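Whatever order the structure lists ligands and atoms in, that order sets their numbers, starting from 1. Note that this is a predicted model, so its numbers are computed, not measured.
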Amino acid sequence: MERLILTEEEYFSLSSLVYRQFGIVIKERNKHLLLERLQNTLRSGGFDSFTDYYQYIMADVTGQALLQLVDKISTNHTAFFREMDHFTFFANSILPSLCEKQKRTGKKELKIWSAGCSSGEEAYSLAMVIDDFLGNEKKYWDIGILATDISKTALYKAEKGVYNLDVISNVPNKFLRPYFIRKNNLVEISGEIKKSVIFRRFNLMNEVFPFKTRFHVIFCRNVMIYFDEGTKRRLVKKFFNQLETDGYFFIGYSEILDHSQKEYRYVKPAIYQKI
Ligand SMILES: C[S@@+](CC[C@H](N)C(=O)[O-])C[C@H]1O[C@@H](n2cnc3c(N)ncnc32)[C@H](O)[C@@H]1O
């Protein structure tokens, strides 16, 4: 079968569209990714060229074609307890002080947001840590864990909560037995943990964040690496407005916040606090 080609002009049209809609930058040196990741979509859709495909996306008023495009080009790699130090700090430092503070003020609620949650591993890991920390006390708390992503496929997997057995290799033993149900060579997240996370499709490029609540902790890890500096700065500001005072903001290990973002206090690598 003849291989499709991606001309300069087609690369420019598609990468500009992805940038405008989702903030994701596809550098020219990575243009082969567009070709590799979209090859099958073009073939199965019967498109003769990337120009045909681009025109089809632009003409689709439902927006589904655009969502399918971002689904194909976004990188969804994730893992349970990825960047473990973050979960240790969340369990040993943030939860004890936050819960104490909430108890003192009579508001037994915890609001957490996993932004760019991919297939749910990050949000479920947080739910497990909270469940383990609160134990029998949990029933007296109002726990809200929101997990959002742009990818429909990733969210579908997240909601199902079924993973290949090898995902548990990074999971600390104490979380295995209570929260993972083994089913041949798959594992399913326990019902208690599943029901504590709400998954929603949400584009972080939306001008307005429509959430009524403010969050005590926001995780947006390994998402902004695909954005340019301006997009990142605007997004970090929006996260700031969505955080409670003293709330924590987690980014990926390989990311840093720009020095101009003085509203955040540096806590530990890739952990910041709203001041
Ligand atoms: C590499 S994964 C990170 C998953 C998880 N946070 C972690 O660190 O393991 C990046 C995720 O960001 C999502 N993403 C990229 N651009 C987005 C946007 N504009 N709005 C919402 N999610 C986006 C992708 O779909 C992908 O699932």
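Stacking of K274 on the aromatic ring of F240 is recorded, both the 6.0 Å distance cut-off and the 45° axial limit being met.
The protein non-hydrogen atom at the shortest distance from atom 7 (C) of ligand 1 is R82 NH1, 3.2 Å. Protein heavy atom at the shortest distance from atom 21 (C) of ligand 1 is F202 O, 3.2 Å. Taking atom 3 (C) of ligand 1 as the reference point, the nearest protein heavy-atom neighbour is R221 O, 3.6 Å. At the top of the distance list for atom 11 (C) of ligand 1, counting protein heavy atoms only, stands D149 OD2, 3.6 Å. For atom 9 (O) of ligand 1, the closest non-hydrogen atom of the protein is T78 OG1, 2.5 Å. Of all protein heavy atoms, the one lying nearest to atom 20 (N) of ligand 1 is L204 N, 3.0 Å. Looking from atom 17 (C) of ligand 1 to the surrounding protein, the closest heavy atom is I150 CG2, 3.8 Å.
Using a 4.0 Å cut-off between charged nitrogen and carboxylate oxygen, R82 and E121 do not count as a salt-bridge pair. A salt bridge is defined here as a Lys NZ or Arg NE, NH1 or NH2 lying under 4.0 Å from an Asp or Glu carboxylate O, and D142 with K108 fails to meet this definition.
Side chain to side chain, Q102 and H216 meet the donor-acceptor criterion of an N or O pair below 3.5 Å. There is a side-chain donor-acceptor pair under 3.5 Å between E10 and T7. Remark: the K152 side chain and the Q64 side chain contain an N/O donor-acceptor pair separated by less than 3.5 Å. D60 and T62 share a donor-acceptor pair across their side chains, judged by distance under 3.5 Å alone. For the residue pair S151 and D71, a side-chain donor N or O sits within less than 3.5 Å of a side-chain acceptor on the partner. In summary, the side chains of N222 and Y253 do not present any donor paired with an acceptor at a separation below 3.5 Å, with no hydrogens or angles considered.
Considering backbone and side-chain N/O atoms, I24 never comes within less than 3.5 Å of an N/O atom of ligand 1. In terms of polar-atom proximity, defined here as any N/O pair under 3.5 Å, E122 does make such a contact with ligand 1. Annotation: V223 places no N or O atom under 3.5 Å from an N or O atom of ligand 1; distance criterion only. At least one N or O atom of G116 sits closer than 3.5 Å to an N or O atom of ligand 1.
Taking 4.0 Å as the cut-off, F219 does not count as a neighbour of ligand 1 on heavy-atom distance.
Near N222, with a cut-off below 4.0 Å to any heavy atom, the atoms of ligand 1 are 1 (C), 2 (S), 3 (C), 7 (C), 8 (O), 10 (C). Under a 4.0 Å criterion applied to the non-hydrogen atoms of N203, ligand 1 contributes the atoms 18 (C), 19 (N), 20 (N). When each atom of ligand 1 is checked for a heavy atom of S118 under 4.0 Å away, the hits are 4 (C), 27 (O). Taking a cut-off of under 4.0 Å to the non-hydrogen atoms of N76, the atoms of ligand 1 that pass are 24 (C), 25 (O), 26 (C), 27 (O).
With a 4.0 Å cut-off on non-hydrogen atoms, F227 touches ligand 1 through its side chain and not its backbone. When non-hydrogen atoms are compared, ligand 1 lies under 4.0 Å from neither the backbone nor the side chain of T148. Here A154 has no heavy atoms under 4.0 Å from ligand 1, in either its backbone or its side chain.
Here atom 1 (C) of ligand 1 lies nearest to T75 when heavy atoms of L235, L155, T75 are compared.
Taking the six-membered ring where the residue is Trp, the centroids of Y124 and Y179 are separated by 6.0 Å or more.
Between F250 and Y248, the angle of the ring planes lies from 30° to 60°, which puts this pair in the tilted group.
The one candidate from F249, F215, Y272 that meets the ring-ring contact (aromatic ring centres under 6.0 Å, His included) condition with F239 is F249.
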